[in-house]
Amino acid sequence: MAKSALNWWRDAGVDVLVDEAPRDWLAPVSESLAVERPAPTAAPRIAPAPPPVDVKLPETLDAFIAWRLSDAAPEMSWSGARIAPEGDPAARLMVLVDCPERDAPDTLLGGPAGKLFDAMLAAIGLDRTTIYLAALGWCRPLGGRMPAESTARLAALARHHVQLAGPKRLLLLGNAASRALLGADVTPMRGSLQPLNHKVGQEQAGAVASYPPRFLLERPAAKAEAWRDLQLLMRGLA
């Protein structure tokens with residue numbers, strides 16, 4: 001312990017215990033003995049980051065989809081194919097998920113989660129041809145999590161997408177989709193119809209946040225809550 005302390009003081013530049021000459025520690029410090037301190041230097045000025053380029057987004061749904069599939073999209077550097085929305089763009093119900101599933105990255109809501117999703121739609125009298133299904137991220141990111149630096153941009157694009165589609169109801173499956181449109185995770189948002197202004201001068205859309213099918217496969221006990229969310233979603237949709 002003592003040796004390590006001595007080593008620390010030696011590394012700090014202290015190599016003697018006392019001065020070789022005696023010193024009167026109570027005497028006032030004269031200008032000749034005062035330690036000359038260097039003038040403080042200003043911290044280096046870091047140039048601010050350039051503001052993001054304000055890209056004018058396409059104003060029609062077809063043009064927006066073409067742009068999202070181009071090299072200008074945020075997912076351009078992600079591995080995997082980008083997946084366009086599926087179903088009827090004019091449908092009254094739009095479903096937003098986070099990204100393609102791990103075991104079916106070439107489609108939206110594929111694999112076992114997709115089968116459960118199809119059963120959920122059938123339970124409320126719908127199928128994939130009568131809804132508009134889209135994703136926050138148009139291809140699956142590494143590890144299935146949205147990169148932090150992309151979330152704000154993807155959320156803005158999702159809101160623009162909803163504005164162009166103009167659905168009457170929105171089903172937001174999972175935390176990423178709920179945060180993008182409602183600003184909060186599923187848990188505090190579910191159980192109520194959240195108003196969402198998606199077009200100026202038009203009727204508000206009603207958004208319902210709920211659990212994604214893959215979560216329900218892992219926790220079947222949550223299916224009862226998801227069923228209540230679907231019933232809430234369908235009120236006033238017909």
Side-chain angles (χ1 to χ4, degrees), residues 74-75 85 87 91-102 108-109 111-114 116-126 131-200 202-238:
E75 305 94 334
R92 294 163 69 81
L93 172 62
M94 182 175 180
V95 180
L96 187 69
V97 298
D98 52 359
C99 64
E101 296 295 318
R102 179 180 56 192
L108 292 179
L109 282 177
L116 177 56
F117 177 67
D118 291 339
M120 292 166 64
L121 289 179
I124 54 176
L126 300 173
I131 66 165
Y132 186 48
L133 175 61
L136 188 64
W138 285 31
C139 69
R140 185 173 177 80
L142 186 65
R145 291 184 177 273
M146 301 294 162
E149 65 275 10
S150 301
T151 53
R153 181 61 172 159
L154 291 173
L157 293 177
R159 289 191 291 270
H160 186 72
H161 194 175
V162 171
Q163 289 173 359
L164 294 176
K168 185 173 182 180
R169 288 283 188 272
L170 269 164
L171 177 59
L172 308 174
L173 296 178
N175 287 332
S178 182
R179 284 193 295 263
L181 271 296
L182 301 178
D185 287 344
V186 167
T187 300
M189 289 291 105
R190 64 163 302 277
S192 60
L193 194 66
Q194 303 291 331
L196 187 68
N197 289 316
H198 58 69
K199 280 192 176 182
V200 178
Q202 287 199 4
E203 182 184 358
Q204 286 183 335
V208 172
S210 191
Y211 304 117
R214 62 176 174 271
F215 177 85
L216 300 177
L217 290 174
E218 296 170 357
R219 302 188 184 181
K223 288 182 179 180
E225 295 178 43
W227 171 241
R228 286 192 288 270
D229 294 336
L230 292 178
Q231 292 176 307
L232 175 63
L233 180 75
M234 295 303 295
R235 290 176 193 167
L237 186 60

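These values consider heavy atoms only, across backbone and side chains, with no hydrogens, waters or symmetry-generated copies. This structure is a prediction, so every number in the text was calculated from the model and none was measured.
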All heavy atoms of Val162 vs all of Pro167, minimum pair found to be O-CD, 3.5 Å

Distance, nearest 0.5 Å, that separates CG of Leu233 from CG of Leu170
9.0 Å

To the nearest 0.5 angstrom, please state how far the CG atom of Leu136 sits from the SG atom of Cys99.
8.5 Å

Leu93, Leu96, Leu109, Leu121 screened by side chain to side chain contact (heavy atoms under 4.5 Å, CB included) with Leu133, the one that passes:
Leu109

For the pair Arg190 (side chain) and Ala226 (backbone), establish whether a donor and an acceptor sit closer than 3.5 Å, ignoring hydrogens and angles.
no

Do Pro74 and Leu157 have side chains that approach each other closer than 4.5 Å (heavy atoms only, starting at C-beta)?
yes

How long is the gap from CE on Met234 to CD1 on Ile124, to the nearest 0.5 Å?
5.0 Å

Taking Asn175 for its side chain and Val186 for its backbone only, find out whether a donor-acceptor pair lies under 3.5 Å.
yes

Rounded distance (nearest 0.5 Å) linking atom CD of Glu101 with atom CG of Leu108
9.0 Å

Is the backbone N or O of Ala113 less than 3.5 Å from a side-chain atom of Arg214, with the two atoms forming a donor-acceptor pair by type?
no

Using the rule given for side-chain contact (heavy atoms from CB on, under 4.5 Å), can you reason through Leu193 versus Arg235, listing the C-alpha separation, both sets of side-chain angles and the distance that settles it, and then say yes or no?
CA-CA 9 Å; Leu193 194 66; Arg235 290 176 193 167; over 6 Å; no

For Trp138 versus Glu75, what's the shortest heavy-atom pair and its separation?
N-OE2, 2.9 Å

Any donor-acceptor pair under 3.5 Å linking the side chain of Arg159 with the backbone of Leu181?
no

Mind checking whether Tyr132 and His161 have parallel, tilted or perpendicular rings, split at 30° and 60°?
perpendicular

Tightest non-hydrogen contact, residues Ala207 and Leu182, listed as CB-CD2, 4.2 Å

Please report the shortest heavy-atom distance between Cys139 and Pro100, naming the atom on each side.
C-CD, 3.7 Å

Report yes if the side chains of Phe117 and Val97 come closer than 4.5 Å at any heavy-atom pair, otherwise no.
no

Taking all non-hydrogen atoms of both residues into account, name the closest pair between Ala209 and Ser178 and its distance.
CB-OG, 3.7 Å

Rounded to the nearest 0.5 Å, the CG atom of Leu154 sits from the CD atom of Glu149 at a distance of 10.0 Å

Determine whether Leu172 and Gln194 make a side-chain contact, defined as any pair of heavy atoms from C-beta on separated by less than 4.5 Å.
no

Grab the two heavy atoms, one from Ala135 and one from Asp98, that are nearest each other, plus how far apart they are.
CB-O, 4.1 Å

Under the rule for side chain to side chain donor-acceptor pair (under 3.5 Å), what residues qualify as partners of Ser210, not counting sequence neighbours?
Asp229

From CE (Met94) to CG (Leu171), nearest 0.5 Å
11.0 Å

